[in-house]
Visitor: 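Take this structure, written in structure tokens, and hold onto it; I'll ask about it next.
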Amino acid sequence: MARMPIRKTLRTAAVDDAEQIADVLAHAFDDDPMMAWFFPDAASRAEGLARYFATIFTRQYGRYGVCERTDAGVSFWVSPEGQDKAVPDAETLRELEDILGDRAGLFREAVAAAAEHGPKEPHWYLAVVGADPTARGRGHGAALLRSGPARADAAGLPVYLESSKESNLPFYEHFGFTVLAEARLPHGGPAVWAMRRAPRTPDAV
């Protein structure tokens, strides 16, 4: 029987997609330095990452963000209006701390450190983007990265993201992002690069 093609057509992610989304992102972030720091046990990392991404999708970004997917990739965007709402509430934090176990304290400090250095101007925020490694190079990431900036451009706003994987920086730069700063997470954590994409007018695209 012929295998079904993996489509890179962009579509809105629904709550019913949570299991597939969590699986895609668990594979996508398995070798991410920050996620490996939060989930240091390689044997249980995939399970922990799947639980983590399912939680933030169903409780945060799926409610207050713009979540999109292809067959092998996922992105979570947050508009300026949604950013106060997308902050995890107490119940979500308890779920995340249960998932992270003894790394929960590191996670809290990392989130707090990132918040201190977050942009003050109105902006769109790319919270998560990832593609299954088996489908990389097939245009899934590119499809996911066009949508949010188009919305930001229409509103005349910049887009921000943080990357903890240095090898991904050229990919983001290809889409107009520039590095603003490099920071080290507390307690010997990995480096994180803050990036910004300036708004573009139609003539500049």
Side-chain angles (χ1 to χ4, degrees), residues 4-30 32 34-35 46 49-88 92 96 114 118-119 122-165 168-177 193-200 202 205:
M4 294 291 291
I6 299 176
R7 297 170 299 164
K8 61 181 180 183
T9 305
L10 200 65
R11 57 195 187 276
T12 300
V15 174
D16 289 345
D17 298 329
E19 185 175 348
Q20 290 176 301
I21 285 171
D23 183 64
V24 166
L25 292 175
H27 284 89
F29 283 86
D30 182 70
D32 180 86
M34 184 165 66
M35 288 304 172
L49 286 172
R51 292 177 63 199
Y52 171 83
F53 285 116
T55 297
I56 65 171
F57 170 62
T58 57
R59 297 194 56 83
Q60 286 178 254
Y61 300 114
R63 295 181 181 182
Y64 307 113
V66 177
C67 300
E68 298 174 320
R69 61 170 301 200
T70 66
D71 282 356
V74 179
S75 59
F76 299 163
W77 302 88
V78 188
S79 70
E81 299 77 19
Q83 285 165 19
D84 288 341
K85 298 175 183 178
V87 174
T92 303
L96 293 174
H123 64 281
W124 274 78
Y125 176 59
L126 177 55
V128 174
V129 62
D132 191 308
T134 61
R136 283 180 186 161
R138 300 183 188 175
H140 293 270
L144 293 163
L145 270 174
R146 292 191 184 104
S147 168
R151 292 185 178 92
D153 287 345
L157 296 173
V159 183
Y160 282 82
L161 63 83
E162 296 104 18
S163 176
S164 58
K165 193 171 183 181
N168 284 343
L169 300 185
F171 176 72
Y172 295 126
E173 289 169 345
H174 176 75
F175 287 91
F177 289 87
W193 289 267
M195 305 188 77
R196 178 184 188 269
R197 179 188 178 277
R200 297 179 178 181
V205 175

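Heavy atoms only: backbone and side chains are in, while hydrogens, waters and symmetry mates are out.
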Visitor: Provide the closest heavy-atom pair for Val15 versus Phe57 in the form atom of the first, atom of the second, distance.
Guide: CA-CE2, 4.0 Å
Visitor: Apply the ring pair (Phe, Tyr, Trp, His ring centres under 6.0 Å) test between Tyr61 and each candidate in Trp77, Tyr125, Phe76; give the one that qualifies.
Guide: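 Only one option passes, and that is Phe76.
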Visitor: Just verifying a value: how many Å separate Asp32 CG and Ser163 OG, rounded to the nearest 0.5 Å?
Guide: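 That separation rounds to 7.0 Å.
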Visitor: Quick one: pull up NE2 in His123 and CG in Leu161 and give me the separation to the nearest 0.5 Å.
Guide: 10.5 Å
Visitor: Ala26 and Ala46: which non-hydrogen atoms are nearest, and at how many Å?
Guide: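 Looking at all heavy atoms of both residues, the closest pair is CB-O, 3.8 Å.
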Visitor: Check Pro122 against Leu157 and note the closest heavy-atom contact, atom names and distance.
Guide: O-CD2, 3.7 Å
Visitor: Taking the six-membered ring for Trp, is the centroid-to-centroid distance between Phe53 and Phe29 below 6.0 Å?
Guide: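 Here the rings of Phe29 and Phe53 have centres that are less than 6.0 Å from each other.
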Visitor: Counting only N and O atoms by type, is there a donor-acceptor contact under 3.5 Å from the side chain of Asp17 to the main-chain atoms of Ala14?
Guide: yes
Visitor: Please step through side chain to side chain contact (heavy atoms under 4.5 Å, CB included) for the pair Arg151 and Val66, ending with a clear verdict.
Guide: CA-CA 11 Å; Arg151 292 185 178 92; Val66 177; 3.7 Å; yes
Visitor: Does the pair Thr55 and Arg51 meet the rule for a side-chain hydrogen bond (donor to acceptor under 3.5 Å, both in side chains), with working shown?
Guide: CA-CA 6 Å; Thr55 297; Arg51 292 177 63 199; over 6 Å; no
Visitor: Within this structure, what is the CZ-CZ distance for the pair Phe177 and Arg196, rounded to the nearest 0.5 Å?
Guide: 10.5 Å
Visitor: Is any NZ, NE, NH1 or NH2 atom of the basic residue among Asp153 and Arg197 found under 4.0 Å from an Asp or Glu carboxylate oxygen of the other?
Guide: yes
Visitor: Drop me the distance from His140's NE2 to Asp132's CG, to the nearest 0.5 angstrom.
Guide: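 The CG atom of Asp132 is 9.0 Å from NE2 of His140, to the nearest 0.5 Å.
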Visitor: Rounded to the nearest 0.5 Å, what separates atom CZ in Arg63 from atom CD1 in Ile56?
Guide: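 Result: 13.5 Å between the selected atoms.
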Visitor: Show, in sequence, the C-alpha distance, side-chain angles and deciding distance for Met195 and Leu126, and conclude whether the side chain to side chain contact (heavy atoms under 4.5 Å, CB included) test is met.
Guide: CA-CA 10 Å; Met195 305 188 77; Leu126 177 55; over 6 Å; no
Visitor: Return the minimal non-hydrogen interatomic distance between Thr58 and Ala18, and the atom names on each side.
Guide: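 Minimum heavy-atom separation between Thr58 and Ala18: CG2-CB, 3.8 Å.
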Visitor: Determine the minimum heavy-atom distance between Gly73 and Leu144, stating which atoms define it.
Guide: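 Where Gly73 meets Leu144 most closely, the heavy atoms are C-CD1, 3.5 Å.
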Visitor: Calculate, to the nearest 0.5 Å, the distance between atoms CG and CG belonging to Leu49 and Asp23 respectively.
Guide: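 The CG atom of Leu49 sits 11.0 Å away from the CG atom of Asp23.
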Visitor: For residues Ala22 and Ala50, report the shortest heavy-atom separation together with the two atoms involved.
Guide: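 Where Ala22 meets Ala50 most closely, the heavy atoms are CB-O, 3.3 Å.
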Visitor: Could you tell me if the side chain of Tyr172 sits less than 4.5 Å from the side chain of Val129, heavy atoms only?
Guide: yes
Visitor: Can you check whether Arg59 reaches Pro88 side chain to side chain, under 4.5 Å on heavy atoms?
Guide: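 No, their side chains stay 4.5 Å or more apart.
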